[in-house]
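First the structure, in the form of structure tokens, and then the observations on it.
First the proteins, then the strands, lettered A, B, ... as listed; each starts at 1. Any value given below was found using the heavy atoms of this structure, including those in side chains, with hydrogens, waters and symmetry copies removed.
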Amino acid sequence: MKAENVRPEDLEWVCRKCSRPLEVGPVVIEYMGSQFTTELPTCPGCGFVLISEALALGKMAEVEQILEDK
Amino acid sequence: MDQPELRALEHRCIQEEAPECTAACPIHVDGRAFVGHVARGEWPEAWKVLRKTMPFPGILGRICDAPCRQHCKRREAGDPIQIGDLERACVATPPPAARIQPLPRKGKTIAVIGSGLSGLTVAWDLARKGYSIRIFEPGSKLGGLLRRIPGRRLPEAALGEELERLTALDVAVHLNVDVEPPQFLEQCISENDAVFLGLETPLGRNWNISRDDAGWIIVDPMLQATRRTGVYAGGRPSMVGLSPVWQAAEGRWAATSIDRFLQKVSLTAGREKDGPYKTRLYTSLEGVDSLPGVAAADPESGYSLDEAIAEARRCLQCECLECVKVCAYLERFGAYPRKYAREIYNNESIVMGVHQANQLINSCSLCGLCERVCPEDFAVQDLCLQARRRMVRRGKMPPSAHEFALQDMRFSLSERFRLARHAPGRTDSARVFFPGCQLCASAPGQVRRVYAHLMESLSGGVGLMLGCCGAPAFWAGREDEFRQVGEGLLKEWRVLGQPELILACSTCLRMFSEHLPQVPTVSLWEALDATNLPPAAAAGTVLAIHDPCTTRPIPAVQEAARRIVKRLGVSAQELILSRDKTECCGFGGLMQNANPDLSREVAARRAGISPLDYLTYCAMCRDRLAAVGKRALHLLELAFPDAADPDPAARKGPGWSERQENRARLRASLAEEFWGERAGAMQEEYERIRLIIAPEVAELLEKRRILVQDVQRVIHAAEKSGSVVIHPQTGRLKASHRPYRASIWVEYSPSPEGYVIHTAYSHRIEVLGGPRA
């Protein structure tokens with residue numbers, strides 16, 4: 001998963017705790033014992049990571065399936 | 001699974017066994033494929049099938065005596081297929097071009113004495129294998145006795161064409177040879193690597209070779225060896241009368257023996273199926289109408305092409321597929337158990353790469369109907385369950401396959417639902433009612449009523465146990481978790497004084513009787529049948545009875561259910577595939593969890609058998625059928641109707657969230673009503689969060705298997721931690737929480753009445769955060 005998975009509207013969200021808009025940043029994700037670093041909308045203050053609905057149901061579900069069958 | 005286990009499994013599935021015609025044919029022509037091509041008018045393809053096994057189809061195809069006819073399955077529903085006549089029609093069409101590519105020359109020569117069908121077959125088979133052939137024919141033309149067949153049956157041109165194909169190979173033909181002197185045979189033996197004697201006509205009276213009392217050369221049947229080393233023989237007409245295909249077969253077996261003799265390998269190994277044998281293939285004739293054979297308008301010239309096609313269309317194209325016919329799951333994956341066993345074996349054997357059979361393994365309902373209908377008792381359910389267990393042990397089970405159902409099971413095993421009590425006011429129980437998790441989820445009102453009825457009707461005290469039998473863990477292949485569930489149940493049962501359990505769910509009944517055999521059990525239906533039933537409200541109606549698949553091996557339960565139905569004045573019609581052949585509703589084996597689409601198809605297929613309302617005695621069957629739009633009733637809805645619900649058959653089953661709520665609420669209300677415990681004491685803090693969910697959002701949650709309780713947890717956690725993002729334009733909030741091995745996201749807006757839910761979704765990948773240094 002690369003930065004193209006982040007859509008402009010994903011960065012319209014603002015972290016309520018830090019009052020800072022989300023920015024694209026590196027994030028480590030893990031599934032079935034495999035770890036990857038990818039670019040996702042992140043709060044530069046507290047590190048909150050947003051997974052959008054489109055990403056969760058699209059690319060992420062695909063990657064889950066691939067890792068489950070690996 | 002290891003190789004021998006795989007092979008034993010593959011052997012058990014008979015789908016790939018030869019059809020009767022092929023097995024009965026001495027040279028095993030693929031009659032089914034041949035007739036199939038003829039039926040479609042594919043003459044060149046039909047020719048090719050003959051060529052694949054038949055030496056000289058242009059000859060044998062015209063004179064074959066077709067012993068296959070007596071074995072053709074069609075004879076049990078009309079006349080057998082006239083394969084011999086179809087061969088004649090086929091070889092009268094122009095032969096497709098075919099190139100013969102003999103193997104490299106071996107530098108060995110074979111003498112063939114006599115050029116009848118057996119000798120020609122030896123020459124044909126061995127020449128293509130790279131042997132040099134020398135044919136010695138006493139007559140003036142190649143073909144021996146074949147020359148005496150009338151021309152209208154075997155035209156000289158047809159014979160000539162085939163012989164030309166033979167002589168184009170490394171075959172030397174010597175005609176008008178005096179083969180009779182004893183030294184001729186001796187010379188053949190010394191100058192060649194092996195010798196074949198064609199016995200269509202008597203040969204070499206003075207040769208030095210062992211003969212029987214009647215003067216025939218002694219030949220081992222099938223191996224075709226004479227008593228002299230390196231000398232083989234065949235084609236003797238008196239063995240089975242004048243059978244051309246048998247003569248060709250003897251030539252073929254002799255050729256095999258000669259090849260093996262010269263290669264110095266076993267003459268006998270692996271030749272069990274050289275001649276006609278009995279096939280294990282099973283072909284059902286159910287639904288097959290009897291059809292007479294097609295007669296040729298002109299018997300003298302045989303079938304016209306159209307007549308041949310009509311005759312070939314009667315072919316049953318024998319195959320088994322008994323299990324596939326009754327199972328949408330087996331059908332869905334496009335093959336049959338033999339292939340599935342191989343796919344599952346391969347799935348386990350790969351180290352790197354894609355496990356393509358995961359879905360195959362996890363989609364089976366484990367109902368066992370395949371084993372019930374299989375002529376060889378192939379149990380796909382055992383294959384799949386064992387594969388699941390091995391996947392769990394190796395940590396290779398995809399969490400998506402079963403996690404949701406397991407979470408639901410864990411809820412049912414938690415204090416929110418679990419309960420074990422003696423009847424109110426008693427300190428002992430002769431019996432304990434165990435309604436199971438899904439009945440409590442689907443019809444809590446009936447559970448309360450039937451429990452009250454049992455307490456009133458049965459002596460010795462009827463206690464109550466709420467919980468789960470652990471079937472989801474069993475189906476998911478989680479042996480450890482299943483064992484733990486069993487231990488917990490045993491503990492409660494002992495505390496209650498080891499009473500007999502009355503089980504409403506046939507899955508529970510199977511789990512207890514097969515895995516906790518020390519617990520005495522009885523089905524609710526047998527228990528109820530021994531009581532006075534309330535007066536029937538639905539008397540006079542006609543319903544179709546659907547037996548839950550887990551009752552298949554327990555007819556006593558099916559009979560008890562029917563007796564109750566009868567006592568209620570309802571007439572029950574039997575569905576096709578009922579009782580010991582009943583079908584799964586699509587929930588069993590967690591199919592519903594691992595493959596929701598297939599599960600719906602299975603339920604819809606079952607629902608479509610009869611237009612009547614269905615009556616069943618499993619809560620999950622009832623709800624699965626209702627989910628595909630079928631009007632369905634649970635037997636308890638019939639026996640203990642809810643006065644407030646005039647049409648219970650129209651009721652859709654509750655959604656996933658509601659199922660858990662129903663269980664928790666039932667537990668709380670029963671605890672309050674019967675044991676005086678204060679209700680609501682066990683509510684979690686997050687459950688007080690009020691949600692506003694529009695119907696279309698509720699539907700979305702249901703489809704995505706996100707529980708209302710999970711949505712509450714997300715908001716609860718977010719509001720507590722403040723970890724939430726806000727959309728400045730819409731004011732909507734978004735947060736996530738990971739209550740188990742899935743992260744759940746909720747988009748919501750606070751309002752004075754509660755939180756308005758806009759959407760929710762989940763993913764299993766875990767977000768660990770920024771990269772570690």
Side-chain angles (χ1 to χ4, degrees), chain A, chain B residues 347 350-362 391 395-401 403 594 700 703-704 706 718-719 721-736 738 741-747 758-773:
Chain A
M1 291 191 291
K2 291 274 159 53
E4 60 254 35
N5 293 311
V6 183
R7 303 198 296 188
E9 59 264 35
D10 297 343
L11 300 181
E12 290 169 9
W13 294 86
V14 174
C15 177
R16 194 167 70 172
K17 215 194 259 176
C18 312
S19 300
R20 294 171 73 170
L22 302 187
E23 291 171 10
V24 175
V27 173
V28 180
I29 60 171
E30 184 188 19
Y31 193 55
M32 300 289 290
S34 299
Q35 278 197 10
F36 304 89
T37 302
T38 184
E39 303 275 315
L40 289 171
T42 310
C43 170
C46 67
F48 183 101
V49 178
L50 174 73
I51 307 292
S52 71
E53 186 163 2
L55 184 64
L57 303 179
K59 190 74 187 175
M60 223 167 184
E62 249 172 64
V63 172
E64 281 170 7
Q65 184 69 50
I66 290 165
L67 292 175
E68 286 191 348
D69 289 341
K70 215 175 98 176
Chain B
N347 204 60
I350 55 166
V351 181
M352 295 290 280
V354 182
H355 290 78
Q356 288 176 342
N358 284 355
Q359 185 75 341
L360 172 70
I361 292 165
N362 286 321
M391 285 164 80
K396 286 283 183 185
M397 177 58 82
S400 64
E403 191 70 9
L700 192 75
K703 203 174 132 222
R704 293 179 178 173
I706 294 170
E719 294 297 320
S721 69
S723 276
V724 56
V725 285
I726 183 163
H727 197 276
Q729 274 83 53
T730 61
R732 288 184 180 188
L733 301 168
K734 205 177 231 198
S736 86
R738 198 171 169 90
R741 285 200 291 180
S743 298
I744 293 158
W745 285 86
V746 180
E747 193 173 314
H758 303 293
T759 186
Y761 52 92
S762 69
H763 56 81
R764 295 183 178 278
I765 287 180
E766 191 172 3
V767 175
L768 300 179
R772 317 272 143 89

With a 4.5 angstrom heavy-atom cut-off, which part of B:Thr759 approaches chain A: side chain, backbone, both or neither?
side chain
For the student: nearest non-hydrogen atoms of B:Ser762 and A:Ala56, plus distance
O-CB, 4.1 Å
For A:Glu68 and B:Pro399, the nearest pair of non-hydrogen atoms, with its separation, is OE2-CD, 3.4 Å
Which heavy atom of A:Ser52 sits nearest to which heavy atom of B:Tyr761, and what is that distance?
C-OH, 3.4 Å
With a 4.5 angstrom heavy-atom cut-off, which part of B:Arg741 approaches chain A: side chain, backbone, both or neither?
neither
First locate atom CD1 of B:Ile765, then atom CG of A:Leu67, and finally report the distance between them rounded to the nearest 0.5 Å.
6.0 Å
Write down the atom of B:Arg764, the atom of A:Tyr31, and the distance for their closest heavy-atom approach.
CD-OH, 3.3 Å
Side chain to side chain, A:Leu57 and B:Arg704, heavy atoms closer than 4.5 Å
yes
Side chain / backbone / both / neither for A:Ile66 at chain B, heavy atoms under 4.5 Å:
neither
For the residue pair B:Ser723 and A:Lys17, what are the closest heavy atoms and their distance?
OG-NZ, 3.5 Å
Kindly indicate whether the side chain of B:Trp745, heavy atoms from C-beta on, has any atom under 4.5 Å from the side chain of A:Glu53.
no
Counting only heavy atoms from other residues, nucleotides and ligands, does the tally under 6.0 Å from CD of A:Gln35 exceed 12?
yes
Roughly how far, to the nearest 0.5 Å, is OG of B:Ser743 from CD1 of A:Ile51?
8.0 Å
Relative to chain A, which of B:Val354, B:Asn358, B:Val724 shows the most heavy atom pairs under 4.5 Å?
B:Val724
B:Thr730, part contacting chain A, at a heavy-atom distance under 4.5 Å:
neither
Contact class of B:Gln359 relative to chain A, heavy atoms under 4.5 angstrom
neither
What part of B:Leu733 lies closer than 4.5 angstrom to a heavy atom of chain A: side chain, backbone, both or neither?
both
Keeping B:His727 on the side-chain end and A:Trp13 on the backbone end, is there a donor-acceptor pair under 3.5 Å?
no
Between B:Pro728 and A:Glu12, what is the shortest heavy-atom contact and its length?
CD-O, 3.1 Å
Relative to chain A, which segment of B:Glu747 carries a heavy atom at a distance below 4.5 Å: side chain, backbone, both, or neither?
side chain
Would you say B:Ser400 and A:Glu64 are linked by a side-chain donor-acceptor pair, where the criterion is simply a distance under 3.5 Å?
no
